[in-house]
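What follows is a single structure, written as structure tokens, with notes after it.
Values reported hereafter were calculated over all heavy atoms of this structure, with side chains retained and with hydrogens, waters and symmetry mates removed. Each chain gets a letter, A, B and so on, in the order the sequences are listed, and its residues count up from 1.
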Amino acid sequence: MSEISFNQLVYGLVRNIPSGKVLSYGRVAYLLDVPNGARAVGWALSALKDSETGISGVPWHRVVNAQGRVSIKGSPDAAMEQRIRLEAEGIEFDKYDTLDMTRYLWEPALPEIETILVQLRGQDAPD
DNA sequence: CAATTGACTTGAT
DNA sequence: TATCAAGCCAATT
């Protein structure tokens with residue numbers, strides 16, 4: 001059997017972030033039981049192919065850094081696209097290009113996360 | 001198997 | 001608010 005990869009777990013969890021809400025890279029890692037894997041989460045999202053970001057794809061734009069700012073490097077276009085998408089969901093940025101985490105952070109109940117993780121891990125060979 | 005590479009985070013300055 | 005240095009991680013080379 002093959003364990004579902006970390007990247008797939010990231011994509012699966014991100015798919016559950018509701019519109020108008022966000023999660024930080026570090027928060028995603030934390031929820032996946034990898035407390036210090038923020039960078040790995042960013043790496044995973046950067047690896048997304050365009051084909052995976054469509055309607056039924058991964059809402060990658062709902063993941064920002066812990067400060068509440070768009071954190072895409074190397075591609076101004078992608079960074080702009082992320083902001084546009086977030087604003088389209090009703091999220092507002094202040095004059096410092098920062099969104100209010102206390103207001104937009106997705107804070108799912110523990111049981112909810114537990115359920116999601118079980119499904120993600122379960123859809124792959126359980127054992 | 002070791003080195004490299006970032007869409008990260010935190011704490012100090 | 002802006003910079004820097006360290007620590008941390010999975011996927012790639």
Side-chain angles (χ1 to χ4, degrees):
Chain A
M1 64 147 273
S2 62
E3 282 276 314
I4 181 174
S5 73
F6 176 77
N7 281 21
Q8 293 306 311
L9 285 175
V10 170
Y11 304 151
L13 176 55
V14 172
R15 283 179 203 281
N16 285 281
I17 303 175
S19 174
K21 288 293 179 180
V22 303
L23 228 43
S24 69
Y25 299 90
R27 193 64 188 150
V28 170
Y30 174 80
L31 293 175
L32 291 179
D33 299 309
V34 185
N36 302 303
R39 307 193 66 153
V41 171
W43 199 98
L45 295 181
S46 70
L48 279 175
K49 305 298 182 190
D50 294 318
S51 59
E52 306 176 88
T53 63
I55 300 296
S56 61
V58 182
W60 56 274
H61 59 287
R62 295 179 189 147
V63 182
V64 297
N65 66 28
Q67 317 301 305
R69 312 183 68 186
V70 167
S71 183
I72 296 181
K73 297 178 179 178
S75 175
D77 289 348
M80 179 183 78
E81 184 184 342
Q82 175 166 20
R83 175 164 175 159
I84 299 291
R85 290 196 183 200
L86 290 174
E87 296 183 319
E89 298 184 349
I91 291 179
E92 299 175 4
F93 287 77
D94 63 20
K95 58 182 177 181
Y96 300 112
D97 300 309
T98 303
L99 60 80
D100 185 350
M101 290 302 267
T102 71
R103 180 182 175 189
Y104 303 115
L105 179 66
W106 181 43
E107 304 186 277
L110 195 57
E112 182 176 357
I113 281 299
E114 209 51 51
T115 300
I116 293 174
L117 294 185
V118 169
Q119 295 187 326
L120 292 178
R121 288 169 169 143
Q123 65 184 40
D124 189 70
D127 234 321

- Message: Please classify the nucleic acid contact of S71(A) as base, sugar-phosphate, or nothing, using heavy-atom distances under 4.0 Å.
- Response: sugar-phosphate
- Item | Length of the OH-P vector between Y11(A) and dA7(B), whole Å | 14 Å
- Query: dG11(B) C1' sits how many Å from N36(A) CG, rounded?
  - Reply: 14 Å
- Minimum heavy-atom distance between M101(A) and V22(A), given as atom pair plus value: SD-CG2, 3.9 Å
- Query: Is the closest side-chain donor-acceptor distance between D100(A) and T102(A) under 3.5 Å?
  - Reply: yes
- Given DNA chain B, 5'-ward residue of the pair Q67(A) and A40(A), judged by closest heavy atom: A40(A)
- Shortest non-hydrogen pair, G12(A) vs L120(A), comes out as CA-CD2, 3.5 Å
- Rounded to whole Å, the CH2-P distance (W43(A) to dG7(C)) equals 24 Å
- Take atom CD1 of I4(A) and atom P of dA10(C), then tell me their distance rounded to the nearest Å. 15 Å
- Of all the choices, dA10(C), dT9(B), dT1(C), which nucleotide is nearest to the side chain of Y96(A) once you look at every atom? dT1(C)
- Selection from dA10(C), dT9(B), dA7(B) that lies nearest to any side-chain heavy atom of A38(A): dT9(B)
- Message: Measure CZ/R39(A) against P/dA5(C) and give the value in whole Å, please.
- Response: 14 Å
- Item | Atom OH of Y30(A): over 12 foreign heavy atoms under 6.0 Å | no
- Testing dC8(B), dA11(C), dA7(B) for proximity to the side chain of I72(A), the answer is dA7(B)
- Item | Minimum side-chain heavy-atom gap D97(A)-V70(A) below 4.5 Å | no
- Using a heavy-atom cut-off of under 4.0 Å over every strand shown, decide if Y25(A) touches base, sugar-phosphate, or nothing. base
- For the pair R85(A) and E81(A), find out whether any cationic side-chain nitrogen is under 4.0 Å from an anionic carboxylate oxygen. yes
- Query: What would the secondary structure line of DNA chain B be in dot-bracket form, counting Watson-Crick and G-U wobble pairs under 3.5 Å, with [ ] for pairs that cross earlier ones and | for pairs with another strand?
  - Reply: .|||||.||||||
- Within less than 4.0 Å of OP1 or OP2 of dT9(B), is there a side-chain N or O belonging to S24(A)? yes
- Message: Has Q82(A) got a side-chain atom pairing as donor or acceptor with V63(A)'s backbone, closer than 3.5 angstrom?
- Response: yes
- Message: What's S75(A) touching, base or sugar-phosphate or nothing? Going by heavy atoms closer than 4.0 Å.
- Response: nothing
- Whole-Å gap separating C1' (dA10(C)) and CG (L48(A)): 14 Å
- Query: Expressed in angstrom and rounded to an integer, what is the separation of N65(A) atom CG from dG6(B) atom C1'?
  - Reply: 14 Å
- Query: Starting at CG of L23(A) and ending at C1' of dT9(B), how long is that distance when rounded to a whole Å?
  - Reply: 15 Å
